[in-house]
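First up is the structure itself, then whatever we jot down about it.
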Number of protein chains: 2
Amino acid sequence: MAPRKTVTLKDIAAAANVSRAAAARALNGYGYVGAATAERVIEIAAQLGYRGNRVAQALRGGQLPLVGFVPGDIQNPFFAQIAHDIDAQLRQSRQSLLIASSAESVAQERDLIESFRALNVRGVIVAPAASPTRPHLEALLHEGVPLVLIDRAVEGLPCDCVSVDNAGGARAAVGCLIAAGHRRVAVIHDDQRIVTARDRLAGYAGALADHGIALDARLIAVAQSTVAQATEATIRLFRQPDPPTALFTLDSLMTKGALLGLRALGLSVPRDVSLVGFDDFDLATFTEPQITVVAQPVAQIGPLAVRMLLERMRGSTEPPRHVQLPTRLIRRGSVAPPGGGAAATDSAC
Amino acid sequence: MAPRKTVTLKDIAAAANVSRAAAARALNGYGYVGAATAERVIEIAAQLGYRGNRVAQALRGGQLPLVGFVPGDIQNPFFAQIAHDIDAQLRQSRQSLLIASSAESVAQERDLIESFRALNVRGVIVAPAASPTRPHLEALLHEGVPLVLIDRAVEGLPCDCVSVDNAGGARAAVGCLIAAGHRRVAVIHDDQRIVTARDRLAGYAGALADHGIALDARLIAVAQSTVAQATEATIRLFRQPDPPTALFTLDSLMTKGALLGLRALGLSVPRDVSLVGFDDFDLATFTEPQITVVAQPVAQIGPLAVRMLLERMRGSTEPPRHVQLPTRLIRRGSVAPPGGGAAATDSAC
DNA sequence: GTGAAAGCGCTAACAC
DNA sequence: GTGTTAGCGCTTTCAC
């Protein structure tokens, strides 16, 4: 209980009968120190439980061994895995990780970046929230703090970025549906708030255009990215006269909602409607049939982002790189030809 | 790009033609400062983009506004939610959160605590990994660093703790199975590595004892907490001669594994076997039928832990509190009487 | 090889 | 009211 006074360099210097300078040299193993002295100092330090004071070190020389990470939401498995990977990678370079979710709010993101700046972090990884301008990120760059964007690119921000090919993935997903014979492919999207949603929607439109299918506004539903809203949107979509025969959902929460909505409607997948979702998720392989999805290379994002960040922290001044990782269509059992045709185990999809 | 020299208190003092002390007083709003001076200083500071240097402040006075959190695994939704809640709560007291998973390894936990100590964090929240001794946590306490344990209590460690009633929850779960008429209730558990698993297993044994049912070693399977291992364990359990009629799983990963194993065996829930899992999870309401589970009050853990921590950080010296939150049995559709009896929509469970 | 001394940026007595 | 001064714990020239 007694908040024992922390042992400082001065203490161990005194105990070893050397100057603080000599002690520091011994402990950090630089400069000239007599082998005997060094050994003695090190032993005494160990004995007294000396542990150095990063704060003082940071004040003197550089910065604290701190890196900040701002995901949209740490509860999202996508970000949770990335956080885990960043954590694991960063630990090897003995950096500690500050994590704080922006909850997709720019204001919150700004505050977080602000506090990171005050702490003088060595670098920051952020999944930027949607916003027309981003002065806080620019300020970071301006101060020379290494910054890596993940998941969402930001135009005009000269920094490294790791994202996935959202448009391409969506195009492939919808293409697969079209290849199976669908013409009336619905989509649920998320009000365009986030860049990724916009790109995925663009991919949807692109796939339709590729095959000369006109966009039909009645097949495009808007919902916030929650299970409940997606469920409702699905129900609206399929209660229309002349309903769609297939559905493409822009993220895994929406895919879950779609599943629930379809179930509520008594519609069976893939017999009554075919379904493809963006983003793989654990539930996708538990359903019967399993759900066909566009999988993102989540496991690559964190490690790559860290590698880029460390390079910058080491002083690299290469021009910013924007890596766009490819997605992968995982064909499972949720796609079949329209009109309750044959089960499509081995269809084009 | 140009790492513009950070503006320091000295700079703004010079620009305002006052001493550093006066400037500091104006900026931090303490002590006597002339209103005019204060205003001028503040304006100049804003103009120059002064932002103070927490590191220097910390060196001088107290500590950095840092709190550490060591979950077992940030990817586990249980910990992800807690992390989210801690983050949200802590933000209000303007603390930044360091998060690093122990991966259930004491060695890693020790290293993390070590680095937190070096950073002089204000407090630590940890889900302690299984270990006979915990010198690093004791050291923390000894230094007077506030520490709150979550999810797992540690005997003999005089600090606050928030856990759930694992034994009681398990007892209720198994009791429910027994009430439905089951006598041969199997359990899959996790090698006793973690305290929670041990308590849940004790609850299982307790429920059996309550009803005069003898423990049967052949009904107790060991598996690590992974879907794959639990799947195998389930298959082993139900391939025996005289197989169980009900199954209790100790966490959600295992429940998923059990579902898969049962499906592989062609066994239907709850007709052929009844199932109750510890820990609620999203999939539990997607399956047909939905799975009966023992739900933990996850949403309470983080906020409560933070409240306790903040109190300690404010200097409270109350005796340590150990709060054990109650669990709740959520009766869904995975329990029925044994022997393919009637569907148990409204059975005792 | 080792010690003395000068700060890093900030705060808080204490003097004026 | 405001300035002077003395450090917080550490690193790092620069003498010796």
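Labels below follow one simple rule: chain letters A, B, ... track the order of the sequence lines, proteins then strands, and each chain is numbered from 1. Only heavy atoms go into these numbers, but all of them, side chains included; no hydrogens, no water, no symmetry mates.
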Across the strands shown, which category fits B:Val55 at heavy-atom distances under 4.0 angstrom: base, sugar-phosphate, nothing?
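No contact at all - B:Val55 keeps every heavy atom at 4.0 Å or more from the nucleic acid.
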More than 12 heavy atoms of other residues, nucleotides or ligands under 6.0 Å from CZ of A:Arg54: is that the case?
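No, CZ of A:Arg54 has 12 or fewer neighbouring heavy atoms, counting only those of other groups under 6.0 Å.
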Extract from the structure each pairing of a protein N or O with an N or O of nucleotides 12-16 of chain C at less than 3.5 Å, listing the distance.
none

side-chain contact (heavy atoms from CB on, under 4.5 Å) between A:Glu43 and A:Glu39: does it pass, once the steps are laid out?
CA-CA 6 Å; A:Glu43 191 183 344; A:Glu39 201 169 324; 5.6 Å; no
For the pair made of [atom1] in [X] and [atom2] in [N], what is the distance, rounded to whole Å?
X: A:Asn120; N: C:dG9; atom1: CG; atom2: P; result: 10 Å
X: A:Tyr32; N: D:dT11; atom1: OH; atom2: P; result: 20 Å
X: A:Ile12; N: D:dT11; atom1: CD1; atom2: P; result: 11 Å
X: A:Asn17; N: C:dA4; atom1: CG; atom2: P; result: 12 Å
X: A:Leu64; N: D:dT11; atom1: CG; atom2: P; result: 13 Å
X: B:Arg54; N: C:dT11; atom1: CZ; atom2: C1'; result: 14 Å
X: A:Lys10; N: C:dG3; atom1: NZ; atom2: C1'; result: 16 Å
X: A:Asn28; N: D:dT13; atom1: CG; atom2: P; result: 14 Å

Closest nucleotide among C:dC8, D:dT4, C:dG3 to the A:Val18 side chain
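Minimum distance to the A:Val18 side chain belongs to C:dG3.
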Please evaluate residues A:Leu27 and A:Tyr50 with respect to the criterion side-chain contact (heavy atoms from CB on, under 4.5 Å), reporting the C-alpha separation (whole Å), side-chain torsions for both, the decisive distance (0.1 Å), and the verdict.
CA-CA 10 Å; A:Leu27 259 6; A:Tyr50 173 72; 3.8 Å; yes
Short N-O contact, B:Arg51 and A:Glu143, less than 4.0 angstrom:
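A salt bridge is present here (some side-chain N lies under 4.0 Å from a carboxylate O).
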Is the distance from OP1 or OP2 of C:dT11 to the nearest side-chain N or O of B:Gln57 less than 4.0 Å?
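So the side-chain polar atoms of B:Gln57 do come within 4.0 Å of the phosphate oxygens OP1 or OP2 of C:dT11, strictly under.
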Any side-chain N or O of A:Thr8 less than 4.0 Å from the OP1 or OP2 oxygen of D:dC10?
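Checking A:Thr8 against D:dC10: at least one side-chain N or O falls below 4.0 Å of OP1 or OP2.
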Please check if the side chain of A:Asn120 supplies one atom and the backbone of B:Val55 the other of a donor-acceptor pair under 3.5 Å.
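Looks like no, no N/O pair under 3.5 Å.
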Nearest 0.5 Å please: distance from the CG atom of B:Leu97 over to the CD1 atom of A:Ile74.
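The distance works out to 10.0 Å.
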Using the side chain to side chain contact (heavy atoms under 4.5 Å, CB included) definition, which of the options A:Leu309, A:Val67, A:Val306 pairs with A:Ile86?
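The passing option is A:Val306.
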Most 5' of B:Thr37 and A:Ala56 on DNA chain D, judged by nearest nucleotide
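Mapping each residue to its closest nucleotide by heavy atoms, the 5'-most match is B:Thr37.
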